[in-house]
Each structure stands twice: as structure tokens, then as C-alpha cells.
Undergrad: 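What follows is a structure written as C-alpha cells; I'll ask about it next.
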Amino acid sequence: MGNDPDIITRLFRNEFSKMVAVISNLFGLQHLDLAEDIVSEAFLQATESWNIKGMPDNPTAWLYSVAKHQTSHYFKRHKTFNRKIVPELITEQEDPAQPQDPDFSDGNIMDSQLKMLFAICNPAIISEAQIGLALRILCGFGIDEIAEAFLTNKETINKRLFRAKEKLRKENVLLEMPRGPEINNRLDNVLHIIYLLFNEGYYSTTKNETLRKDLCVEALHLGVLLTGLETTNLPQTNALIALMCFHASRFRARQGGDRSLILYEDQDKDLWDDELINKGDYFLALSARGPEMTSYHLEARIAWWHCQKNDPPEKWGKILQLYNQLLLINYSPSVALNRTYALFKAKGAKPALIEALKLKLDNNHFYFTLLGELYKNIGDKNAKASFEKAYALATTYNDKEILMRKISGL
Amino acid sequence: MEEFALVFRHLAGDNLPTPEQLKVNLPLWDDWAAGIAAQGKFVTTRRLAFGGKVLKASGVVTDGPFVEVKEQLGGFMIVRAENIDEAITLAHGCPIFDIGGTVEVRSFATTNQAILAMENGE
């Protein structure tokens, strides 16, 4: 009886990060590689055995028991390890008789994963490496998958992960939850990494749809993980989760059969995921307790408006106000462009064009696409030149295709 | 790029903007400020409440000179611009003009300038 490779992949994705977190929690973050080795070995053993005997009824329990066995095996076999690490462990353990037994209870898994999340999102590591490490250690992605998501090769990713781990060791980052007021500063960083992970999946240029969707799902998981603890279940956490739910709800609708993206205005609204929209509503309501208004709050509200199936007349005016506030706390060229688009929808092409011409984002193909759209709306012949400029600047096949259609549609 | 302060003043005393005027005027500020932020030229802004206290050298505290003066400070914004002319261009369209106010565009003194001024006995 063979194994379904999809089930194994999913199992790996779900369990790898939990097991690595629990075992690292036992050994300390300095020995992250060892934890990874033990878990990988457990998976290898599992797949080999399952290939012969078939999948057991409870594969997760099976994996945990192999990992436990591997861990104690490691203790016995490696005397140096025993000599160097075990004395430290014993002082930290409540039960020194059995320092080597990883505890795979739900409570300890959550606790270990949260500590790991905070350790990896440590400001000492640069963010590109953080995302790579988060994908590997927190989301259980394979090196080849990470390379595909970043459109680079395995060696680059391996080097990046190596440097990030080295940094963790050098900075002596500990697996522990920050305490007191520090938790707020550190949480900002954690939320930012989760936000980047999600965007990596949502806007990634990789053609692998499943991979992109998995990235978003994992980012959402990490966000929800933070709600398990009172000190991290804060309004900004809830706002970020709401934002991710609303965006993810349109996943199915934005994917064309030919792997192309379907633009928002052309999407079949029946394909939107109501369950995720409801979940987003729930977390959006939670995010509103307290006076904070973070960029996640504003983005979540914008995303909420985009999930409304009927177009109430006040929609674009409200979206414009939200983008105005977002720009005042967090400028980026894409927010500036989105705000100008909202201005166009709320107040018309003429005032939007006046504002757009001030932006001068001369290397941005979205900028010229927007200019083209605005010129087209007031019947100005500059529309064609703008779309052509956008076409010249666009890099992906999809973008060029869309612009080609716009030019020929004039 | 250099930073400039846009200082907003509006009519005071009996000519203070009415609540009705403010209801129309206040929503315009975010729109205008976001237009500056969209160009990546916004730094920060604060709006002042109408009331307040004034301390005089004699130690007397009053409820402000707000009745006697013609204009009062309404708030400020810090923007980034190439030069003062560009800062003035950014100030165009400021909603303060709708309630009979003015925008004063000022550059910031640097520490060096202050030291030079002292050395020159100014």
C-alpha cells in the first residue's frame, strides 16, 4: 500500500514546525539544526515504514513517538552532546531524571511555537532572512519551495538560512517570551513578519498557485496562534488577522483557469469565500476594542469594503478616507497609487488626474497604468502614450497582457 | 530635501470659526494632507484645540489672549521639499483658507546657524 504524497506533504507542513519548536525548546535555540535533523529523520523513517506497511491510523502520534525515540537515541549515542548540553538542561528541567523527553501536548506545542515565533522575528536578524527562516522553521516549507517563492535557487536560500541561524547563535537569542512592556515592541516586529509572509504569498510572482495559497494559509495560522495568549491577542493582532482573512477570501475568484490573475472588477463574487469573510468580520470587530488605529486596522477596513458584494454609494468615499489616513501614517508608492485610484472612484477622473500628476513615480508601471486610465476617462489622447509607457516598464507576462488589451481597447 | 514648517493661523475672538464652518472644514484636512503624503513629502502634523492658558513673565496665568488678538495659532505641519518655493506650492489648497486663515511657511534654523549668529553678535 503506497502513501499519498499530498497527505505526507500536508503532514510535514503541519507537524514539522511544531516538532522543531518543541525539541528546540528542550535543547535551546543554539541547537536548532539538531532539532531540524531529528525531525527530518523522523519523517524519513515514517515514510519508509509507511511505504511498506501503509499509513497508520494516527500518523501524527506515530511521528511524535518516532521523534521522541530519536531524541533519546541522540542523547545515548552522542556522549559529547550529553556532556556539554545535558548538565545545562538538567538545571532547567523540573524532572532531571528525564531531560530528553519532548512533550508533544497541545499546550506545550503552542507555547513552544509562540516562543519560536518571537525568537525568529528578533530584530537582530535582517528581514529577508527572517522571512526565509520563518518559512522554514515556522511554516515547515522545503528549501526548494522557499527558493521558488523567492524566485531564486536553493543555494541562495541555504546560505540565507545559514546566516540567519548563525546570527541567532551569535546574538544569543533565547527561546522565551518577552516580558512586560517589551512584548509590545517585539509584537510589532512579529506582526510585520507575518504581514510580509502573507504578502509574499498573495503578491508573489511565482506561478505555483498551491505554494502561494499555502503561504497565505500559514501566515494566517501564525496570526491565529498569537490569539492563544492574552498578552499577544491585541487589537492590532486581530486587525492583521481580519486583513488576511478578507484578502484570502478572494483567492479562488482571482485565479483564472489559465493561471492568469483575474482583476477585482471582473471577479465572480460567488466565488468569494464567505466563511473567511465571516471570520474576517469577527476579528475586525475584536480589533475595534481600544483606541489604537494601526495600519493593519486601516488596511483591514479597506479590505472589508472590498468584500461587500453590493456597491453602496458611500463605498469609495469611505475607502478614500481610509487611504488618506493610511498615507499619513505609512507612505508607500503603492498606497499613494491606491489612494489616487480611490479619489478617482469617489470624486472623478479630473481631480484624481491633478493629484496623480504630482506623484511622479516615473519608474512604476502601475503609475502609468493609472494615468492611462484617468486620461481615458476624460477622453484625453495622452491615454495611449501612458499605457504604452506602462507596457514598456511592465516586467511580467500578465501585466503586459492586461496593458496590451487596454491599448487595443482605446 | 529639506524640512519646512507650515504654520496655520485662523481668525480669533468674535471671528472664531463656527461649529457649522468646522463641520464642513475639518474633513477637508485629511484629503489635503494625504495629497502631500502621496508625494512622499509629509512628515507630521498636529492640530491645536481652541482653548489654552498663557503664562506671562509676571507669573500671571490667563485664559489666553484669544479675545484680544485677531488671529490665533491653529496647528502646524512639517513637510519635505526641495526649497521654500516648493513648500509654498504644497501649502496651496490648504483648507485653512476656507475659514479666513493663513499659512506661514518657515524653514528650520540649524544649530550651525544659531552658533554663527552668536559669534557675529547678532
Side-chain angles (χ1 to χ4, degrees), chain A residues 291 293-295 297-299 301-302 305 313-364 366-371 373-374, chain B residues 1-8 19-49 73-99 101 103 105 108:
Chain A
M293 188 55 81
T294 63
S295 60
H297 283 90
L298 295 166
E299 286 191 54
R301 283 172 196 209
I302 292 166
W305 277 106
E314 73 273 22
K315 174 177 161 180
W316 283 103
K318 296 281 185 195
I319 292 177
L320 174 61
Q321 285 174 14
L322 291 163
Y323 271 122
N324 283 342
Q325 291 177 46
L326 188 57
L327 265 181
L328 294 176
I329 57 173
N330 211 349
Y331 166 83
S332 77
S334 78
V335 177
L337 287 171
N338 281 326
R339 183 249 175 192
T340 313
Y341 184 76
L343 188 70
F344 157 51
K345 298 295 270 187
K347 299 190 176 170
K350 270 190 184 156
L353 185 61
I354 294 171
E355 290 288 288
L357 289 169
K358 293 181 194 165
L359 300 185
K360 300 193 171 64
L361 297 167
D362 290 339
N363 295 314
N364 187 316
F366 293 115
Y367 177 53
F368 288 101
T369 310
L370 178 63
L371 279 180
E373 211 61 58
L374 295 174
Chain B
M1 285 276 188
E2 211 182 313
E3 289 189 351
F4 292 88
L6 308 184
V7 182
F8 312 124
E20 290 74 32
Q21 277 179 305
L22 288 177
K23 210 177 147 194
V24 182
N25 191 252
L26 287 179
L28 304 174
W29 285 81
D30 262 3
D31 252 350
W32 172 69
I36 294 171
Q39 302 170 58
K41 291 173 181 165
F42 171 84
V43 181
T44 188
T45 188
R46 290 310 286 263
R47 190 163 66 87
L48 299 178
L73 204 57
F76 65 90
M77 180 184 288
I78 299 176
V79 297
R80 265 189 293 271
E82 287 299 339
N83 48 45
I84 196 151
D85 292 331
E86 195 196 351
I88 292 168
T89 308
L90 293 176
H92 278 279
C94 175
I96 200 87
F97 301 126
D98 297 354
I99 48 173
V103 180
V105 182
F108 287 94

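Letters A, B, ... are given to chains in the order of the sequence lines, protein chains preceding strands, and every chain is numbered from 1.
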Undergrad: A349(A): which residues meet the side-chain contact (heavy atoms from CB on, under 4.5 Å) condition with it, sequence neighbours left out?
TA: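 For A349(A) the side-chain contact (heavy atoms from CB on, under 4.5 Å) partners, ignoring immediate neighbours, are F344(A), L374(A), N377(A), I378(A).
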Undergrad: Given side chain to side chain contact (heavy atoms under 4.5 Å, CB included), test F42(B) with L328(A) step by step and report yes or no.
TA: CA-CA 7 Å; F42(B) 171 84; L328(A) 294 176; 3.7 Å; yes
Undergrad: Taking all atoms of both residues into account, what is the closest heavy-atom pair of A38(B) and A336(A), and its distance?
TA: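 Residues A38(B) and A336(A), closest heavy atoms: O-CB, 3.4 Å.
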Undergrad: If the cut-off is 3.5 angstrom, what donor-acceptor pairs do you find between chain B and chain A?
TA:
from, atom 1, to, atom 2, distance (Å)
D31(B), O, R339(A), NH2, 2.9
D31(B), OD1, N324(A), ND2, 2.7
D31(B), OD2, K347(A), NZ, 2.6

Undergrad: Which region of L320(A), side chain (C-beta onward) or backbone (N, CA, C, O), has a non-hydrogen atom less than 4.5 Å from a non-hydrogen atom of chain B, or is it both or neither?
TA: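 For L320(A), the contact with chain B is made by the side chain alone.
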Undergrad: Output the option from A34(B), P27(B), A37(B) having the highest count of non-hydrogen pairs under 4.5 Å with chain A.
TA: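 With the most close heavy-atom pairs to chain A, the winner is A34(B).
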